[in-house]
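All remarks here apply to the structure that follows.
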Amino acid sequence: MTARPELPKTYDPAEVEPRLYEAWLKARVFHEDPDPARPPFIISMPPPNITGRAHLGHASTYTTMDLVTRYHRMLGENADWIPGQDHAAIATESVLVRELAKEGRTRNELGREKFIEIAWAWREQYGGEINEAFRRLGFGPDWDRERFTLDPALSAAVIKVFVDLYDDGLIYRGTRLVYWDPKAQSTLSDAEVEDEERDTFLWHLRYRGEDGGDGLVIATTRPETYLADVAVAVHPGDERYRHLIGTNVVLPIVDRAIPVIADDAVLTEFGTGAVKVTPAHDQTDYEIGQRHGLPMPTVIDFDARIAAPLWRYDETPERRAPIDAQAPKMAPYAGLDRFDARKRIVADLRALGALVEERPYHTQLPVSSRSGEVIEPLLSLQWFVRMKPLAKPALAAYRGGAPHFVPERFGRTYAAGLENIRDWNISRQIWWGHQLPVWYTPNDDVIVAHDEDEAKRIARERFGIDDVRRDPDTLDTWFSSGLWPFSILGWPEKTPELDHWYPNQVMITSRDIIFLWVSRMVMLGQRFAGAMPFRTVFVTPLVFDVHGRKMSKSLGNAIDPMDDLVPRYGADGTRFGILRQMRLESQELRFDERYCDEAKRFATKLWNALRYTCALPEEIPGANVLPPREKLTVADKWILTELRACVEAVTRAYDRFELGVAADTLLQFGWYTFCDWYVEATKAPGQHATRAAVLSFVLNAFVRAMHPIAPFVTEEIWQTLPHDGATIVTASWPDVAEIPSFPDEAAVFRSVIEKVEQLRNARSEWAIQPKDWMRVEIPAALQSERDVVEAIATLARAEIATYDGGDGSVRDRILAVRGVADTAKLRERYAREEKRLEAEVARSEKKLANESFVAKASPDVVAAERAKLDEYRRELARVRTALDALPA
RNA sequence: GGGCGGCUAGCUCAGUGGGAGAGCGCUACAUUGACACUGUAGAGGUCAGAAGUUCAAUCCUUCUGCCGCCCA
């Protein structure tokens with residue numbers, strides 16, 4: 001005897017979800033060990049920053065990973081999802097510095113050792129917060145395998161990679177243009193630089209000719225850097241300036257002569273078509289400077305103040321002389337902040353008549369995403385990775401189809417990034433992170449070693465001294481995350497995990513870090529782990545607000561999944577609602593909370609279908625036990641056929657990452673097909689014998705198909721029904737071979753639905769109250785179809801009478817069913833129906849009368865059109881008969 | 001400047017070379033063997049515009065317009 005618990009009337013996610021999650025943790029259902037007997041499946045969780053809070057982007061990307069892992073586990077694969085966190089070098093350090101500032105302390109007065117100690121304590125206290133959010137969202141990574149980028153093992157991997165790259169000549173130290181954050185006092189990675197729109201001016205300055213001529217007018221947004229100009233560049237094809245190329249112009253105030261040069265990088269439409277060239281403070285200018293062998297004096301120092309005299313690297317005395325000579329004349333600006341200097345210089349140039357025009361200008365400025373400070377590009381002695389030799393094999397692999405991108409077009413973004421790759425600045429002037437494995441002798445000889453002992457040994461061997469000091473800089477955070485897919489499996493040790501689970505099957509991430517992160521994992525994975533780190537890269541859409549705007553606190557449109565969604569809709573509702581909106585080809589997701597609300601109501605709907613099933617007087621025979629086929633009714637056969645189609649569609653959708661389609665399919669089947677039609681149909685007396693078994697069977701398979709998206713409600717339903725196994729998490733994926741399909745009976749029931757809809761419509765037209773039974777006449781020949789007659793009577797709430805007639809197939813006879821009401825409304829209704837059908841017949845006839853259509857369209861299409869026309873004609877005939885039969 | 005995505009009902013979005021769809025919202029009715037976090041019915045759209053290809057275009061091609069993203 002099946003237990004029949006009293007089930008609460010509404011489903012309460014707040015009660016169910018934490019309880020089930022605890023049970024899963026206790027049973028360690030998410031943990032896997034390498035098992036060669038099963039196909040490996042693994043996802044490396046992109047490590048969230050320890051400073052991070054769970055936001056909607058996480059909810060969408062990480063739900064996807066959870067879904068895919070759960071799905072593959074149910075398919076019987078050795079599926080694992082390894083979680084972890086990123087130490088988030090600059091992000092964390094700036095949070096800590098801010099915290100210290102609140103107490104009136106600074107990093108430097110604490111000293112490195114103490115600061116690192118505080119950082120670890122902070123990590124212990126707050127670093128796990130995001131994991132709490134992930135658990136609340138139902139994510140099931142293998143918590144026993146959690147990794148942190150600063151773990152000893154991962155740090156050892158970082159050191160090894162650094163040393164190997166250095167030994168191979170791929171890491172070098174040099175002076176290059178870098179992104180400098182004057183507030184954080186460190187270089188930044190591309191990822192930490194954002195463009196911000198600002199209102200400023202475009203200043204037009206006249207540089208007179210050295211020969212006393214008018215010279216030319218340049219346009220600039222950064223007049224203060226003109227002190228370090230070394231040339232004026234024009235486009236070689238620009239007729240306006242051709243005569244000046246090769247001549248010199250003179251910088252106002254400081255009276256230094258610089259050449260006019262031609263370079264293709266100059267845009268003729270921008271400003272006046274002539275631009276100042278300041279190689280030490282602008283990327284484009286730096287490249288022009290390199291091409292033309294120009295000197296590169298620096299005018300803004302690390303504090304973003306004007307440096308006077310200018311300072312520079314690697315210059316010969318001849319090239320330095322004229323630049324040094326201007327020092328006395330720029331003394332008034334020395335030490336001024338760059339923006340104060342700008343005002344002062346603009347004023348002075350104006351007084352001198354060198355300022356031709358000041359035009360309001362809207363532009364984008366590079367801003368540090370950490371400190372909010374405007375970035376100062378400047379020349380600095382830093383460590384770099386030579387990227388072109390690493391990118392080459394990655395590009396070759398891409399041309400060979402690896403990795404495979406979904407959607408495909410993101411592969412082109414990735415490849416374009418690799419083609420235009422520049423050397424990677426990896427040194428940061430902060431303390432929280434992997435300190436460079438670099439030591440210097442007192443003579444500044446460079447030693448790269450795995451540890452200090454080795455460094456000393458090398459120093460003795462090579463230089464005869466063992467007095468070494470370590471480079472204080474740390475590595476860019478992306479250096480360690482670039483090793484993630486193999487470092488978390490134990491590399492460089494040859495572990496069973498690495499052997500079994502590398503390469504990963506799929507990397508799931510969002511498109512803003514395709515180049516920053518994905519490409520680096522590929523390059524480093526190829527070189528160090530001996531293979532592409534993953535076969536497929538699935539790129540999830542970026543999340544925007546419902547009107548397509550970026551979510552931000554300042555706009556007030558940010559939605560916090562933990563505060564705003566989970567409490568209201570449950571984790572299931574949140575996950576289902578988000579996934580429902582994911583479309584493969586779409587690159588943005590305009591998040592609409594209504595989908596979460598709908599998903600929550602869907603959970604309640606399913607819950608009530610369960611309550612109905614459990615409250616039936618009939619017994620459920622057992623888990624996945626169907627009545628013998630000869631006992632199944634037309635409705636039973638139809639719902640089983642639909643279930644099978646649903647599982648097939650969902651399987652296909654999961655396999656192709658069409659997650660929105662999967663969610664749509666589940667909702668459609670669960671709510672409309674199953675609850676609205678099948679559950680209603682089981683109320684007919686003829687259904688009683690089979691319904692408990694069929695309802696239970698369908699629900700059991702259905703919740704398994706839905707489990708990867710909404711893990712909790714599906715577990716709760718599955719547990720309540722008869723089931724095999726301990727938890728749905730480790731249950732098997734529904735096997736379509738075990739779901740019988742009956743195409744003919746399914747078609748018959750679809751006709752029943754169509755007829756019932758017509759009858760309900762008629763009921764509404766005739767103003768028959770829902771509580772009243774309506775009269776329906778069926779052709780006498782339909783009487784033998786007891787299932788069908790009962791289904792119509794139940795679903796349309798109708799009293800059945802018969803009339804003579806009813807030829808043809810069962811479906812024909814169903815179509816001849818007619819509602820009975822002796823009112824003028826009925827006549828109107830039929831007249832309208834007649835008109836609609838006449839129009840359809842006319843359209844179809846016209847089409848078939850078109851000789852080109854019949855001759856050129858494919859035979860299938862023509863045949864289908866003929867069949868449609870026949871159908872319309874038959875229906876029209878029935879309507880006309882009905883109309884004629886009505887009393888005048 | 002280069003590349004990419006989008007424009008379908010009031011809102012958010014599916015969809016298809018051959019009869020325009022869903023949810024929400026709106027209107028009306030209803031407490032029927034689970035469910036008002038419900039059910040039933042209904043109103044609402046020259047599928048951004050133009051040209052082309054085709055027997056046939058909301059769908060393919062080109063151009064235009066507008067919105068957005070990425071790279072420079």
Side-chain angles (χ1 to χ4, degrees), chain A residues 7 9-12 190 195 265 267-270 283-284 287 364 407 409-410 412-413 416-417 420 511-512 514-515 541-542 544-550 568-569 573 577 580-583 585-595 597-617 660-661 663-664 667-668 671-672 675-676 679-680 682-685 688 695 756-757 759-765 767-773 794-797 836 839-840 843-844 847-848 850-858 860-862 864-865 868-869 871-872:
Chain A
L7 299 176
K9 197 167 171 183
T10 50
Y11 173 75
D12 179 14
D190 299 5
D195 282 336
L267 304 171
T268 51
E269 312 81 36
F270 176 80
Q283 183 64 40
T284 309
E287 284 160 17
Q364 293 190 333
R409 65 192 146 81
F410 289 114
R412 294 194 289 276
T413 308
N420 301 318
R511 74 187 141 91
D512 47 346
I514 288 176
F515 178 62
L542 292 176
F544 295 87
D545 82 354
V546 75
H547 301 296
R549 297 171 307 176
K550 243 182 193 145
R568 241 175 266 169
Y569 312 112
R580 188 95 204 291
Q581 298 174 71
M582 281 181 56
R583 294 297 150 180
E585 290 302 324
S586 183
Q587 59 186 10
E588 65 179 54
L589 188 163
R590 297 189 176 188
F591 181 75
D592 189 339
E593 204 169 320
R594 288 176 297 188
Y595 287 100
D597 184 57
E598 177 188 54
K600 192 213 166 193
R601 290 184 288 110
F602 180 37
T604 303
K605 188 75 182 172
L606 290 173
W607 180 251
N608 277 291
L610 172 76
R611 287 183 67 222
Y612 172 79
T613 304
C614 291
L616 291 174
V661 172
D664 278 355
L667 184 84
Q668 192 65 37
W671 201 322
Y672 303 101
C675 287
D676 286 352
V679 171
E680 286 308 312
T682 63
K683 294 171 185 174
H688 292 196
L695 283 163
V756 168
E757 279 174 342
L759 291 170
R760 283 173 178 168
N761 176 283
R763 171 194 282 275
S764 163
E765 295 276 336
I768 298 174
Q769 298 297 307
K771 65 174 183 293
D772 296 332
W773 288 72
T794 304
L795 293 166
R797 202 171 162 76
R836 182 185 71 87
E840 292 290 2
R843 186 192 54 76
S844 191
K847 197 164 186 175
L848 286 162
N850 181 342
E851 281 172 27
S852 332
F853 171 69
V854 179
K856 295 189 180 174
S858 85
D860 288 357
V861 171
V862 177
E865 192 62 37
K868 251 188 322 197
L869 178 58
E871 185 75 31
Y872 287 137

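Not measured: the values here are computed from a predicted model. Numbers restart at 1 for each chain; the letters A, B, ... are given by sequence-line order, proteins then strands.
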**OP:** Look at the side chain of A:R760 and the backbone N and O of A:L795, then say whether any donor-acceptor pair between them is shorter than 3.5 Å.
**Re:** yes

Original post:
To the nearest angstrom, how far is A:K856 atom NZ from B:rC55 atom P?
Top reply: 4 Å

Original post:
Can you name the salt bridge (Lys or Arg N to Asp or Glu O under 4.0 Å) partners of A:R843, sequence neighbours left out?
Top reply: A:E840, A:E865

**OP:** Name the orientation class of the two ring planes belonging to A:W607 and A:Y11 (parallel below 30°, tilted from 30 to 60°, perpendicular beyond 60°).
**Re:** tilted

Original post:
How far does the C1' atom of B:rG21 sit from the matching atom of B:rU31, given to the nearest Å?
Top reply: 31 Å

**OP:** Identify, between A:N608 and A:L589, the residue whose nearest nucleotide on RNA chain B lies closer to the 5' end.
**Re:** A:L589

Original post:
Between A:D676 and A:A684, which is nearer to the 5' end of RNA chain B once each is assigned its nearest nucleotide?
Top reply: A:A684

Original post:
What's the shortest heavy-atom distance between A:S844 and A:L869, and which atoms?
Top reply: OG-CB, 3.4 Å

**OP:** Pick the C1' atom in B:rC70 and in B:rA56, then give their distance to the nearest Å.
**Re:** 39 Å

Original post:
For the pair made of CZ in A:R568 and P in B:rC37, what is the distance, rounded to whole Å?
Top reply: 16 Å

Subject >> Side-chain N or O of A:N761 closer than 4.0 Å to phosphate OP1/OP2 of B:rG42 >> reply: yes

Subject >> Interatomic distance at P, B:rA34 relative to B:rG39, whole Å >> reply: 14 Å

Original post:
Is A:R580 paired with A:D592 through a side-chain N to carboxylate O contact shorter than 4.0 Å?
Top reply: no

**OP:** Look at the side chain of A:R568 and the backbone N and O of A:K600, then say whether any donor-acceptor pair between them is shorter than 3.5 Å.
**Re:** no

Original post:
Taking only Watson-Crick and G-U wobble pairs with both distances under 3.5 Å, what dot-bracket line describes RNA chain B, where [ ] shows pairs that cross earlier ones and | shows pairs with another strand?
Top reply: (((((((..((((....[..)))).(((((.......))))).....(((((..]....)))))))))))).

Original post:
What interatomic distance, in whole Å, is found between P of B:rU58 and the corresponding atom of B:rA43?
Top reply: 23 Å

**OP:** Look at the side-chain N and O atoms of A:K683 and state whether any lies under 4.0 Å from the OP1 or OP2 oxygen of B:rA34.
**Re:** no

Subject >> Pairwise P distance, B:rC11 and B:rU53 [rounded to whole Å] >> reply: 35 Å

**OP:** Provide the distance between the two P atoms, one in B:rA57 and one in B:rG23, to the nearest whole Å.
**Re:** 30 Å

Original post:
Taking atom P of B:rC69 as reference, at what distance in whole Å does atom CG of A:L542 sit?
Top reply: 10 Å

Original post:
Considering only the C1' atoms, how many Å lie between B:rG15 and B:rC7, rounded to the nearest integer?
Top reply: 15 Å

Original post:
For the pair made of CD in A:Q581 and P in B:rG6, what is the distance, rounded to whole Å?
Top reply: 17 Å

Subject >> Test item: A:N420 side-chain N/O and A:A416 main-chain N/O as donor-acceptor pair under 3.5 Å >> reply: yes

Original post:
Can you check the A:R511 CZ to B:rG6 P distance for me, whole Å?
Top reply: 12 Å

Original post:
When only distance counts, do a donor and an acceptor, one from the side chain of A:E680 and one from the base of B:rA34, lie under 3.5 Å apart?
Top reply: yes

**OP:** For nucleotides B:rA50 and B:rC55, find the distance between their P atoms and express it as a whole number of Å.
**Re:** 23 Å

Original post:
Roughly how many Å is it from CD1 in A:I514 to P in B:rC71, rounded to a whole number?
Top reply: 10 Å

Please enumerate all protein N or O atoms sitting under 3.5 Å from an N or O of nucleotides 23-27 of chain B, with distances to 0.1 Å.
unit_1 : atom_1 : unit_2 : atom_2 : d
B:rG23 : O2'    : A:E598 : OE2    : 3.0
B:rC24 : O2     : A:R594 : NH1    : 3.3

